[in-house]
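Here the structure is laid out as structure tokens; the discussion comes afterwards.
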Amino acid sequence: MNFLIELYQFLKVRKKWWLIPILLFLCLFGWLFVFTQGTVVAPFIYTIF
Amino acid sequence: MSSILGISAFYHDSAACILIDGKIIAAAQEERFTRIKHDPKYPYNAIEFVLKFSNLKLSEVDQIVFFEKPFLKFERLLETYVAFAPRGITSFAKAIPLWIKEKLFQKKLLFNKLKSHDVNYKSDQNINFSDHHLSHAASAFFPSPFDEAVVLTADGVGEWATTTVAIGKKNNLEIKKEIHFPHSLGLLYSAFTYYSGFKVNSGEYKLMGLAPYGNPIYEEKIKTLIDIKEDGTFRLDQKYFNYATGLTMTNKKFNDLFGQRPRDPSNEKITQFHMDIAASIQKVTEEVMIKLAKSVRKEYGIKNLCLAGGVALNCVANGKILKEKIFDNIWIQPAAGDAGGSLGAALALWHIEQGEKREVNSDDNMKGSYLGTEFSQEEIEKELKSIGANFDRVNYEDLINKTSEFLSNQKVIGWFQGRMEFGPRALGGRSIIGDPRSDKMQKNLNLKVKYRESFRPFAPSVLRDDVSKWFDINVDSPYMLMVANINSDKKIKMSEDQKKLFGIDKLNVKRSEIPAVTHVDYSARIQTVNTKDNKRYYDLISKFKEKTGCPVIVNTSFNVRGEPIVNTPTDAFNCFMGTELDYLVIGNCILDKKKQNSKFKKDYKSEFELD
């Protein structure tokens with residue numbers, strides 16, 4: 001719950017409401033990304049993520 | 001009493017530091033404990049160390065601060081994918097699980113990890129999040145000897161910012177301007193590091209070291225990648241790069257522009273092409289930094305400059321800014337990379353958020369960067385006995401006398417004294433030292449001790465009082481972050497034939513009275529040594545000067561290629577036995593290689609993944 005409050009506050013301060021559909025999409029389908037990956041590896045040659 | 005624990009983690013160079021009443025008490029990088037170079041994991045061991053050093057339990061710590069803001073980083077990630085879509089779908093599919101699983105919930109993740117230090121730590125209410133570049137800027141300004149300064153930070157990327165200009169005054173620090181991702185000087189340099197076949201995030205030093213062997217003939221081509229304005233601001237043409245959404249730094253267009261594919265280090269040697277590339281990107285980087293420095297000097301009229309962020313570790317560029325005399329004074333955070341973010345985050349919380357006063361010290365408040373672990377003489381002897389080392393215990397005078405004698409006989413020595421350094425440089429706490437007058441020292445140290453590429457230069461430690469007699473610099477450079485040239489009277493002129501030599505062949509020419517620390521362009525990365533920060537090291541160099549007339553010694557980090565700098569007497573002994581070091585001097589103990597049991601010798605070279 002705290003996480004959602006903090007996320008809401010963040011979006012409010014940043015005025016990035018347009019990110020909400022993307023976040024909802026990730027909430028709905030994010031598990032697919034998670035569970036279709038065998039292992040989570042830090043995949044990048046430069047850790048910009 | 002008020003305490004703040006600063007943490008940087010999860011990307012590279014995890015670290016922890018602790019402040020008590022605003023004073024820096026201890027700081028260390030996690031890699032030193034886990035023995036994994038640039039370890040990005042939660043810095044459990046570093047936190048344990050700083051807590052133990054300050055006699056605190058985690059539940060007694062007043063505030064905890066993480067060095068950046070995960071939500072803001074996630075925002076950048078999403079916006080970047082949206083901006084570049086549909087490119088980057090593969091990268092997206094790899095990055096998102098990582099975020100959904102843990103990175104987005106970093107507060108919870110941190111809280112859970114922190115609980116493992118103390119069962120009485122029960123609330124996450126004291127966990128704070130700083131801003132990546134504010135942390136860098138704070139790490140540069142608050143410990144600096146300046147009441148007021150312009151603070152310039154530049155690195156790969158934080159949340160959005162890649163380069164910032166901030167103004168620090170008394171206990172306040174405010175970011176005035178930012179350049180945002182994907183336009184990044186750090187990433188540009190990293191792209192060329194990758195292209196030259198070095199590992200991103202650690203090979204940047206190698207590229208900088210390689211630059212003097214080349215000619216900057218690709219400077220104009222690089223300027224098709226980067227549009228540099230008069231004030232030093234810049235934009236990168238993204239059609240040549242792949243880092244924003246891909247899994248490599250550069251792309252085919254980039255290769256086509258320079259006419260070669262990225263070098264494969266496993267089967268391709270470094271050629272003149274790579275040296276010229278290195279020289280060119282170095283020149284462009286210097287141009288950006290100098291233009292930025294000039295424009296902020298003019299705009300704000302402040303005479304002091306502080307630097308931090310990974311780009312501030314480019315000591316050649318720092319030396320050029322100094323030489324241009326743009327600012328009256330320059331101070332650079334020794335832990336300029338992400339490790340120093342832990343320190344900056346804590347200092348920002350103390351001074352900016354809590355409004356606490358700042359005491360400006362005429363030197364600085366970094367304590368020489370000797371903020372890490374230390375071992376008493378008793379602990380050293382106990383540990384050495386337990387691992388079967390054979391050593392002689394001597395008094396202070398004998399220690400200095402004998403070690404300087406070994407040095408003057410051109411022996412190579414592991415020097416382990418006092419507290420470990422915080423930041424990437426060894427400054428006489430965990431160092432390998434040698435005689436700079438030897439013309440074989442550089443090659444021997446590189447190939448037989450450090451097991452690294454023969455082209456790489458070594459740095460001199462020089463007595464502060466003598467620095468201007470040997471180098472064209474007369475300022476403090478205690479953290480080895482300034483490059484200057486050897487004075488003309490110490491140079492040995494090259495013959496016409498020698499001048500015609502190319503690249504690494506130049507290395508075999510004796511170019512000065514101290515060839516082991518003279519790069520092919522007569523430059524040297526200088527550490528000035530004073531008696532206040534490290535008396536033992538100062539006394540050693542003074543004694544060496546007394547014996548030889550030379551107030552300079554070679555100083556390189558106590559490790560081999562790919563290994564983090566040694567942390568404990570056991571690490572030091574292992575490195576000593578695994579390399580061709582002649583002596584190891586730990587505390588008041590002297591270890592002679594010839595007196596050690598040969599069963600401890602091992603193939604050390606392959607123990608660490610090459611960087």
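What's counted below: heavy atoms across the whole structure, side chains too, no hydrogens, waters or symmetry copies.
Put simply, CD on B:Gln125 and CG on A:Asn2 are 7.0 Å apart, with the number rounded to the nearest 0.5 Å. Atom CG of residue B:Leu78 and atom CH2 of residue A:Trp18 lie 7.5 Å apart, to the nearest 0.5 angstrom. Rounding to the nearest 0.5 Å gives a distance of 9.0 Å between CG of B:Leu104 and CG of A:Leu26.
B:Thr193 meets the side-chain contact (heavy atoms from CB on, under 4.5 Å) test with B:Tyr189, B:Phe198, B:Glu204, B:Leu207; sequence neighbours excluded.
Residues B:Phe74 and A:Leu19 have side chains not in contact (no heavy-atom distance under 4.5 Å, counting atoms from C-beta outward).
The aromatic rings of B:Phe71 and A:Phe3 sit perpendicular to each other, their planes meeting at more than 60°, with 30° as the lower class boundary.
By the 6.0 Å contact criterion, NZ on A:Lys16 is enclosed, its count of non-hydrogen atoms from other residues, nucleotides or ligands being greater than 12.
Scanning residues 7-14 of chain A against chain B with a 4.5 Å heavy-atom cutoff picks out A:Leu7, A:Phe10, A:Arg14, ordered by number.
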